[in-house]
Amino acid sequence: MIEELLTRKALEAFQELYKQDIDPRLITVQKTRREFEGDFTVVVFPVVRFSKKSPEETARQLGEYLLDNVEEVSDFNVIKGFLNLVIDDSFWFGFFSKAHHHAGFGIASAEGENPVVIEYSSPNTNKPLHLGHVRNNLLGYSIAKIVEASGKKVVKVNLINDRGIHICKSMLAWKKWGNGETPESTGMKGDHFVGKYYVMFDKHFRAEIKELVENGMDEELAEKEASLLMEAQELLRKWEEGNPEVMELWKKMNGWVYEGFDETYRRMGVEFDKVYHESDTYLLGRELVYEGLEKGVFDQKEDGSIWCDLRDEGLDEKLLLRADRTSVYMTQDLGTAQLRVDEYDPERLVYVVGNEQNYHFDVLKIVIKKLGRKWWDKIYHLSYGMVELPHGRLKSREGTVVDADDLMDEMYETAKSTTEALGKVEEFDEAGKKQLFDMISMGALKYFILKVDPKKTMLFNPEESIDFNGNTGPFIQYTHARIRSLHRKALERGLELVDDPGLVKLLPKEKNLLKLLFDFPAAVSEAAENYSPAVIANFCYDLAKEFNQYYQEVPVLREENPEIISFRLKLSEFVGNVIKTGMGLLGIEVPDKM
RNA sequence: GGCCCCAUAGUUCAAGGGAUAGAAUGGAGGUUUCCUAAACCUUAGAUCCAGGUUCGAGUCCUGGUGGGGCUACCA
């Protein structure tokens, strides 16, 4: 890397010029800001105490040394304590010649045995997916792609919370009021169908509480003793006992939900290498809790419930098993973590889970540590921010949710009408149109969500919807389509091209593009280190924006010189390929024409 | 009450302790006989408050204000 070379040479310069060995961390080489001349900048303020010269003088002497001793440096200028170095065109052109052929530029091949296991999605089987899940799924899938591109093996896993009181509520409602109807008989998508009964349970449950309270019962007590809740709990007990009738209903209703989820996953373009079900892992979790009890790291209370005392770590006591020995959320998460370690021996266990569960994961790590598992610190909670609506956060109960399927439908319609209004679809057949509208609508949605730093709370305004102009997915897709169009036109016109154009005088915009392209592998690494697709999204946007400016002011195909046409065309294609690769890391497809 | 997170143009987002805080959108104005105008160009507009550390603070520290989350024998 050129930055490392410059750092090394700068250190060398300090030895030569001032007889000083300085801490490499004091030398910062960064990209020169747009408004100044140069490609890389060394900030000399931190090292003036070693040179014992003014910042300007230090920068000037360092600049002269680098100009004399580093082949790539062709000029420099000094502004205050900033040394701006100009890298010779031949360096950038050399990079172009080497890299533009390479289809997988920026993508490292997987090495090492131990994979990174990434859990994402993790739905409950009682209701359809909403906007919060969309952020989760898109983040998880994209991060998996990015980590893979950074040269690691990745296993994408999903953990389905398929058991518990929530699904029992849906089951009970269906038994009581379903009259045997099914997704097929109603034409509803399976997850929406089951979700309907979950809502129905809640409605009747509320009504019952209201009635109990009106008859003089305390509200808190009513919420605990409502007959509907008791029945649902009875159903859960029967489930844990393996009651055949209950199991059958449970399997049937979960099956409906999975069919619905699969459709939504397919549409979002996400997939998994392995799917875990909580119903398969909670028993292992229970064994781990007993193990901890034997080791004396957990405690049993008089009623038989088992707890982990975390007060020494500044946290509270945490329940691990109920008095009746049924399991809680933490129990099954212990089990699944152990299972994954046994199965994959991972270098890291990444959990893509919302930041509302920060506390849960703090506790999980400590509990695993207390169990004596050395891999406790391989657990990494990728804690992403909530999606808020203009009126506050998403709340299923209050009906302020944005349903994932509805959202995708609306996006599709918007993409369709916008594209048709622009008169861009005459040349497409029906299948081509559908494919294009899918790409554009999902591109807009995915980019909108992924361009935001995962850790931050983000706002989604359904009224204003998602834009197709400016810093958006379709803008970048459009740039790609333009580049592909250039390529098509060049072939149509039978232009005389050369395979490896020789060194041409680089225009400023061309140099800017090459500098951006040069940074792509570093952007992939940075995105992988920080688990942040936003880094890639911003990179793609900058590249597309720079290209559009270039496209606007520089003719590509209308040049005389075949060498120059070839260079500009290949540079454009290089940009197009990197956009395609980068957007691919976000799970976004790019069209050849739009 | 305790613990955690956040605060940047009207709005939605950027900014690895570095130069004059970038974009987009919305506002105002402009570009199409020429490679796709979902584009491009010009223009106005912002770091919550008070201290501190530093040659240098949107970024780090302390206090305040405002917002969100967690603090379930729900998952």
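Convention: sequence-line order gives letters A, B, ...; per-chain numbering from 1.
With hydrogens and angles left out, the side chain of A/Asn355 and the base of B/C70 share no donor-acceptor pair within 3.5 Å. The base of B/U36 lies outside donor-acceptor range of the side chain of A/Lys593, with no N or O pair under 3.5 Å. Scanning atom types as modelled, one donor and one acceptor separated by under 3.5 angstrom connect the side chain of A/Asn84 and the base of B/A19. Scanning atom types as modelled, one donor and one acceptor separated by under 3.5 angstrom connect the side chain of A/Thr41 and the base of B/A19. Contact annotation: side chain of A/Thr472 to base of B/A38, donor-acceptor pair absent below 3.5 Å.
With a 3.5 Å ceiling on both atom-pair distances, B/U59 lacks any Watson-Crick or G-U wobble partner.
A straight line from CD of A/Gln552 to P of B/C35 spans 11 Å, rounded to a whole angstrom. Regarding A/His480, its NE2 atom lies at a distance of 17 Å from the P atom of B/A39, rounded to whole Å. A/Glu317 has its CD atom 21 Å from the P atom of B/G2, to the nearest Å. In this structure, A/Lys318 places its NZ atom 9 Å from C1' of B/U71, rounding to the nearest Å. Whole-Å rounding puts the A/Tyr329 OH to B/C73 P distance at 15 Å. Protein atom CD of A/Glu302 is 17 Å distant from nucleotide atom P of B/C73, rounded to whole Å. Taking atom CE on A/Met330 and atom C1' on B/C70, their separation rounds to 13 Å, with Å as the unit. Rounded to an integer number of Å, the gap from CG of A/Asn254 to P of B/A75 is 15 Å.
With RNA chain B read from its 5' end, the first of the two nearest nucleotides for A/Arg493 and A/Lys31 is the one closest to A/Lys31. Nearer the 5' end of RNA chain B, as judged by each residue's closest nucleotide, is the contact made by A/Asp467, out of A/Arg488 and A/Asp467.
Within a 6.0 Å radius of CD in A/Glu589, other residues, nucleotides and ligands contribute 12 heavy atoms or fewer. In the displayed structure, A/Lys365 atom NZ is contacted under 6.0 Å by more than 12 heavy atoms of other residues, nucleotides or ligands.
Closest to the A/Phe45 side chain, of the nucleotides B/C40, B/A39, B/G18, is B/G18. Picking from B/G18, B/U20, B/C73 the nucleotide with the shortest atom distance to the side chain of A/Ala323 gives B/C73.
Residue ring and nucleobase are not stacked for A/Phe475 and B/A38 under a centre distance beneath 5.5 angstrom and an angle between planes beneath 30°. Residue side chain A/Tyr551 fails the stacking definition with respect to B/A39, as its ring centre and the base's six-membered ring centre are not both under 5.5 angstrom apart and under 30 degrees in plane angle. Residue ring and nucleobase are stacked for A/Phe82 and B/A19, with a centre distance beneath 5.5 angstrom and an angle between planes beneath 30°.
Within the structure, every side-chain polar atom (N or O) of A/Arg33 is placed at least 4.0 Å from both OP1 and OP2 of B/A21. Between A/Ser305 and the phosphate of B/C73, there is no side-chain N or O to OP1/OP2 separation shorter than 4.0 Å.
As judged by a 4.0 angstrom heavy-atom cut-off over every strand, A/Met594 is placed among the base-contacting residues.
Remark: A/Arg322 does not engage A/Asp324 in a salt bridge, criterion side-chain N to carboxylate O under 4.0 Å.
Comparing the P positions of B/A14 and B/A9 gives an interatomic distance of 13 Å, to the nearest angstrom.
Exactly one of A/His277, A/Glu240, A/Gln332 qualifies for a side chain to side chain donor-acceptor pair (under 3.5 Å) with A/Arg163. That residue is A/Glu240.
Two rings, from A/Phe475 and A/Tyr447, have their centers 6.0 Å or more apart.
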